[in-house]
Amino acid sequence: MKAFVTGVCGQLGHDVVNELFGRGAECIGSDVRPVYSGAADGSPVTRLPYVQLDITDRAKVDEVICTVRPDVIIHCAAWTAVDAAEDPENAPKVYAINAEGTKNIALAAKKTGSAMIYISTD
C-alpha cells in the first residue's frame with residue numbers, strides 16, 4: 001500500500017507516517033515547508049520521501065497527487081493554533097487551510113481514485 005500523508009511536520013502526521021511504515025506501508029510525507037522540519041528524532045518519517053505541498057494551492061495538490069498516485073491519502077495538515085484561529089484577522093487563512101485545503105485534497109483523491117482519510121483531533 002502506498003500512503004501519502006499531509007502535515008508530517010506536525011505531531012499527528014509524524015506519528016501516522018511512523019505507524020504506517022512500521023506496518024509495512026510505502027509512505028510519502030508532505031508539508032508546506034521546503035524540507036522536513038518536524039521532530040528530528042531519527043524515526044522513519046525523517047528519512048522517508050518528502051514532498052513540499054501547500055494544500056491551499058489546488059493546481060499543485062492535483063499535480064502532486066496525480067504524480068504520486070497513492071492508494072490512500074491520510075490528511076493530517078491543518079491550522080492547529082486554536083486560540084489564534086478565533087482572531088478575525090486569521091479567519092481567511094484558517095478557512096483556506098482547513099476548508100479549502102481539505103477540499104483540494106478530496107478532489108485530487110477523487111481524481112486518482114485514492115481513498116482519503118481525514119483525521120481531526122477536535
Side-chain angles (χ1 to χ4, degrees):
M1 174 182 69
K2 185 191 292 185
F4 185 83
V5 182
T6 65
V8 299
C9 292
Q11 183 178 355
L12 178 61
H14 173 277
D15 290 347
V16 165
V17 168
N18 287 333
E19 182 65 28
L20 288 170
F21 181 79
R23 293 172 182 246
E26 176 185 351
C27 298
I28 299 106
S30 73
D31 210 301
V32 72
R33 296 170 185 99
V35 295
Y36 175 79
S37 60
D41 58 4
S43 65
V45 70
T46 66
R47 301 183 305 274
L48 291 170
Y50 176 87
V51 177
Q52 178 183 16
L53 182 61
D54 177 351
I55 64 169
T56 67
D57 182 340
R58 186 174 186 173
K60 188 66 175 175
V61 169
D62 278 351
E63 176 190 325
V64 168
I65 298 302
C66 287
T67 299
V68 173
R69 301 201 69 79
D71 299 306
V72 62
I73 301 167
I74 302 178
H75 180 41
C76 301
W79 175 289
T80 59
V82 177
D83 291 336
E86 295 176 358
D87 295 340
E89 66 271 13
N90 292 330
K93 186 70 173 174
V94 173
Y95 185 82
I97 294 167
N98 290 354
E100 293 297 323
T102 299
K103 179 181 176 182
N104 294 341
I105 297 291
L107 291 171
K110 183 176 182 179
K111 208 178 263 192
T112 59
S114 305
M116 178 182 166
I117 299 170
Y118 180 34
I119 301 174
S120 176
T121 57
D122 193 20

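Closest approach of Gly29 to Val8, counting heavy atoms only: CA-CG1, 3.6 Å. The minimum heavy-atom distance linking Val61 with Asp54 is given by the pair CG2-O, 3.9 Å. Residues Ile55 and Thr102 share a closest heavy-atom pair of CD1-N, 4.4 Å. The shortest heavy-atom contact between Trp79 and Asn98 is N-OD1, 2.7 Å. Of all non-hydrogen atoms in Thr46 and Ala40, the two that sit nearest each other are CG2-CA, 4.4 Å. For Val16 against Cys76, the heavy-atom pair with the smallest separation is CG2-SG, 4.0 Å.
For the pair Ser114 (side chain) and Pro70 (backbone), a donor-acceptor distance under 3.5 Å is present. Judged purely by atom type and a 3.5 angstrom limit, Asp31 uses its side chain to pair as donor or acceptor with the backbone of Cys9. Looking only at distances, no side-chain donor or acceptor of Lys60 sits under 3.5 Å from a matching main-chain atom of Gln52.
For the side chain to side chain donor-acceptor pair (under 3.5 Å) condition, the pairs that include at least one residue of residues 12-23, sequence neighbours left out, are His14-Asp41, His14-Ser43, Asn18-Ser43, Glu19-Arg23.
Tracing side-chain contacts under 4.5 Å through hydrophobic residues (I, L, V, M, F, W, Y), one never reaches Met1 starting from Val51; they form parts of separate clusters. Placement of Tyr118 and Ile28 within a single hydrophobic cluster is found when ILVMFWY residues are connected by side-chain heavy-atom separations under 4.5 Å, directly or transitively. One hydrophobic cluster, built from ILVMFWY side chains closer than 4.5 Å, cannot hold both Val72 and Phe4; they sit in different ones. Ile73 and Leu53 fall within the same hydrophobic cluster, defined by Ile, Leu, Val, Met, Phe, Trp and Tyr side-chain heavy atoms under 4.5 Å apart, directly or through other members. No path of Ile, Leu, Val, Met, Phe, Trp and Tyr side chains, each step under 4.5 Å between heavy atoms, connects Leu20 with Ile105, placing them in separate hydrophobic clusters.
For Arg69, there are no salt bridge (charged side-chain N to carboxylate O under 4.0 Å, His left out) partners at least two apart in sequence or on another chain.
Using a 4.5 Å heavy-atom cutoff, the side chains of Glu63 and Asp57 are not in contact.
No more than 12 heavy-atom neighbours from other residues, nucleotides or ligands sit within 6.0 angstrom of NZ on Lys111. Remark: Phe21 CZ is loosely packed, at most 12 non-hydrogen atoms of other residues, nucleotides or ligands lying under 6.0 Å away. Atom CD of Gln11 has 12 or fewer neighbouring heavy atoms from other residues, nucleotides or ligands inside a 6.0 Å radius.
Rounded to the nearest 0.5 Å, atoms NE2 (His75) and OG1 (Thr6) are 5.0 Å apart. Taking CD from Glu26 and CG from Asp71, the interatomic distance works out to 8.5 Å, rounded to the nearest 0.5 Å. Atom-to-atom distance recorded for Ile65:CD1 and Lys110:NZ is 16.0 Å, nearest 0.5 angstrom.
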